[in-house]
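A short worksheet on the structure shown next.
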Amino acid sequence: MIDLRSDTVTKPTAAMREAMYRAEVGDDVYKEDPTVRRLEELASQMLGKEDALFVTSGTQGNQIAVLTHCRSGNEVLLEQDSHIFYYEGGAISAFAGVQTRTIPGNKGEMDPRQIELAIRGNDIHEPETGLICVENTHNRAGGAIVSAENMKAIFEVATAHAVPVHLDGARLFNAAVASNCSLKEFTQYTDTVQVCLSKGLGAPIGSIIAGPKEFITSARKWRKRLGGGLRQVGTIAAPGLIALSEMVDRLSEDHHHAKILAEGIGSVNGLEVVNTVDTNIVLVDVSGKKLASNEFIEKLSDAGVKAVSFGPSVVRFTTHYDVSKQEIEEALRFINSI
């Protein structure tokens with residue numbers, strides 16, 4: 001099978017497996033795991049933040065960020081199709097006791113003027129705005145890059161109103177590579193950031209949250225409360241070091257493969273690519289085939305290609321390390337046969 005469901009399906013590289021085997025370990029709850037400490041130091045440097053914390057998943061990282069930033073009863077502003085709102089099981093309400101207020105976006109970008117209008121005042125009838133969340137790249141917008149200019153404008157509004165900004169940067173490395181810039185071009189306009197090691201970078205598990213030292217100290221306690229305090233965790237942190245040191249630049253290959261895929265699908269009668277392919281995600285409307293997305297996916301699976309539904313008539317394809325250019329071309333042949 002050619003698996004284009006997600007960049008989370010990648011298997012650890014040989015170097016990652018070797019690093020796991022040879023990792024120096026210690027009890028990370030006591031801050032004694034040297035491999036985790038190296039990973040956190042490297043990540044904080046790359047992200048331009050004072051400190052960082054290794055967590056088990058991107059969702060856990062986002063939840064810890066909300067719990068650390070907010071008080072129960074706060075309101076969080078975020079884009080209406082954002083991952084935190086759409087795909088995290090209502091966790092920020094369940095755990096942090098906050099409510100969400102969604103802002104419509106254009107290719108994942110929120111209008112800073114709408115954000116400013118949405119920030120609450122001092123009326124006792126209203127919740128306080130506790131946090132603004134940005135997602136980059138934006139998953140449901142098809143891996144769209146939220147520009148540094150848009151992030152800057154949002155950050156300036158937030159700063160003027162003393163509201164912190166958290167970046168769900170699960171695929172931020174894709175944004176940086178596609179934009180040919182450093183991660184700091186984006187993270188300078190955030191208070192805190194979460195990045196995934198287990199998506200395009202190919203590590204088997206884990207994410208990083210980064211921010212001020214005081215924030216990370218509080219976040220560490222929330223990680224413990226959520227059951228995320230791990231022991232000899234260097235065995236799973238070691239692949240993260242490989243991910244950060246060896247797997248970033250090659251993301252450009254995934255972006256190139258996504259463009260090949262999109263161009264090929266665009267020439268298939270009855271199929272329409274509905275997103276601008278900035279990075280490694282291609283969204284395809286299959287209604288011209290007189291099929292629902294789940295029916296198309298079933299036929300595609302029978303032909304040897306896996307994808308996921310992104311709505312009644314839209315299918316998502318995601319390129320990644322484990323899919324070669326030859327397999328992209330083979331997938332196109334299968335797609336063309338449906």
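Along the sequence shown, the residues carry numbers beginning at 1.
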Please report the shortest heavy-atom distance between [X] and [Y], naming the atom on each side.
X      : Y      : result
Ala141 : Gly108 : CB-N, 3.8 Å
Cys70  : Val76  : SG-CG2, 4.0 Å
Ala238 : Ala19  : CB-O, 3.5 Å
Val157 : Pro112 : CG2-O, 4.0 Å
Val282 : Leu261 : CG2-CD2, 4.2 Å
Asn136 : Ala175 : OD1-CB, 3.9 Å

Do you reckon [X] sits in the same ILVMFWY cluster as [Y], going by side-chain contacts under 4.5 Å, direct or chained?
X      : Y      : value
Met151 : Leu78  : no
Val286 : Ile338 : yes
Leu201 : Val55  : no
Val9   : Phe334 : no
Ile205 : Phe173 : yes

When you measure from the side chain of [X] to the backbone N and O of [Y], does any donor-acceptor pair fall under 3.5 Å?
X      : Y      : answer
Glu327 : Ile2   : no
Ser207 : Gly61  : no
Thr190 : Val193 : no
Glu272 : Val284 : no
Arg316 : Ala307 : no
Gln232 : Val25  : no
Gln60  : Thr56  : yes
Asp33  : Gly234 : yes
His161 : Val163 : no
Thr319 : His257 : no

In sequence, state the C-alpha distance, the side-chain angles, and the governing distance for Ser287 and Ser313, and then conclude on side chain to side chain donor-acceptor pair (under 3.5 Å). CA-CA 5 Å; Ser287 57; Ser313 65; 4.8 Å; no
Among Thr68, Asn62, Val66, side chain to side chain contact (heavy atoms under 4.5 Å, CB included) partner for Ile64: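 When Thr68, Asn62, Val66 are each tested with Ile64, the side chain to side chain contact (heavy atoms under 4.5 Å, CB included) holds only for Thr68.
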Are any non-hydrogen side-chain atoms of [X] and [Y] less than 4.5 angstrom apart?
X      : Y      : answer
Glu128 : Arg120 : no
Ile335 : Leu300 : yes
Leu39  : Ile208 : yes
Lys49  : Thr187 : yes
Pro212 : Thr192 : yes
Phe215 : Asp191 : no
Ile103 : Gln114 : yes
Val268 : Lys289 : yes

Does the pair [X]/[Y] count as a salt bridge with the N-to-O cut at 4.0 Å?
X      : Y      : result
Glu24  : Arg38  : yes
Asp7   : Lys199 : no
Asp254 : Arg250 : yes
Glu18  : Arg22  : yes

Which hydrophobic side chains are connected to Tyr86, either touching it within the sub-4.5 Å cutoff or through other members that do?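 ILVMFWY cluster around Tyr86 also holds Tyr87, Val274, Ile281, Leu283, Phe310, Val314.
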Using a cut-off of 6.0 Å, state whether more than 12 heavy atoms not belonging to [X] lie near its atom [atom1].
X      : atom1 : answer
Gln326 : CD    : no
Glu32  : CD    : yes
Arg231 : CZ    : yes
Gln80  : CD    : yes
Tyr321 : OH    : no
Asp123 : CG    : yes
Asn180 : CG    : no

The test is side-chain contact (heavy atoms from CB on, under 4.5 Å); show your working for Leu291 and Lys299 and say whether it passes. CA-CA 10 Å; Leu291 294 169; Lys299 289 181 177 292; 3.9 Å; yes
Out of curiosity, [X] [atom1] to [Y] [atom2], how far, rounded to the nearest 0.5 Å?
X      : Y      : atom1 : atom2 : result
Ile236 : Leu197 : CD1   : CG    : 10.0 Å
Thr279 : Asn139 : OG1   : CG    : 9.5 Å
Thr159 : Phe155 : OG1   : CZ    : 4.0 Å
Glu40  : Leu241 : CD    : CG    : 10.0 Å
Cys133 : His83  : SG    : NE2   : 12.5 Å
Asn150 : Phe186 : CG    : CZ    : 11.0 Å

Can Asp278 and Lys107 be said to form a salt bridge (Lys or Arg N to Asp or Glu O under 4.0 Å), step by step? CA-CA 10 Å; Asp278 287 346; Lys107 296 181 180 179; over 6 Å; no
Ring pair (Phe, Tyr, Trp, His ring centres under 6.0 Å) against His255, all qualifying residues, sequence neighbours excluded: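 Per chain and number, His255 pairs via ring pair (Phe, Tyr, Trp, His ring centres under 6.0 Å) with no residue.
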What verdict does the side chain to side chain donor-acceptor pair (under 3.5 Å) test give for Glu75 and Thr100, after you've listed the backbone C-alpha separation in whole Å, the side-chain angles of each residue and the deciding distance to 0.1 Å? CA-CA 6 Å; Glu75 184 171 75; Thr100 55; over 6 Å; no
Check step by step if side chain to side chain donor-acceptor pair (under 3.5 Å) holds for Asp322 and His320. CA-CA 6 Å; Asp322 283 349; His320 53 79; 5.0 Å; no
Given side chain to side chain donor-acceptor pair (under 3.5 Å), test Gln194 with His166 step by step and report yes or no. CA-CA 8 Å; Gln194 178 271 128; His166 172 68; 5.5 Å; no
Before you tell me yes or no, could you show the steps for Asp28 and Arg223 under salt bridge (Lys or Arg N to Asp or Glu O under 4.0 Å), namely the whole-Å CA-CA distance, both residues' side-chain angles and the distance that decides it to 0.1 Å? CA-CA 12 Å; Asp28 186 46; Arg223 186 185 71 172; 3.1 Å; yes
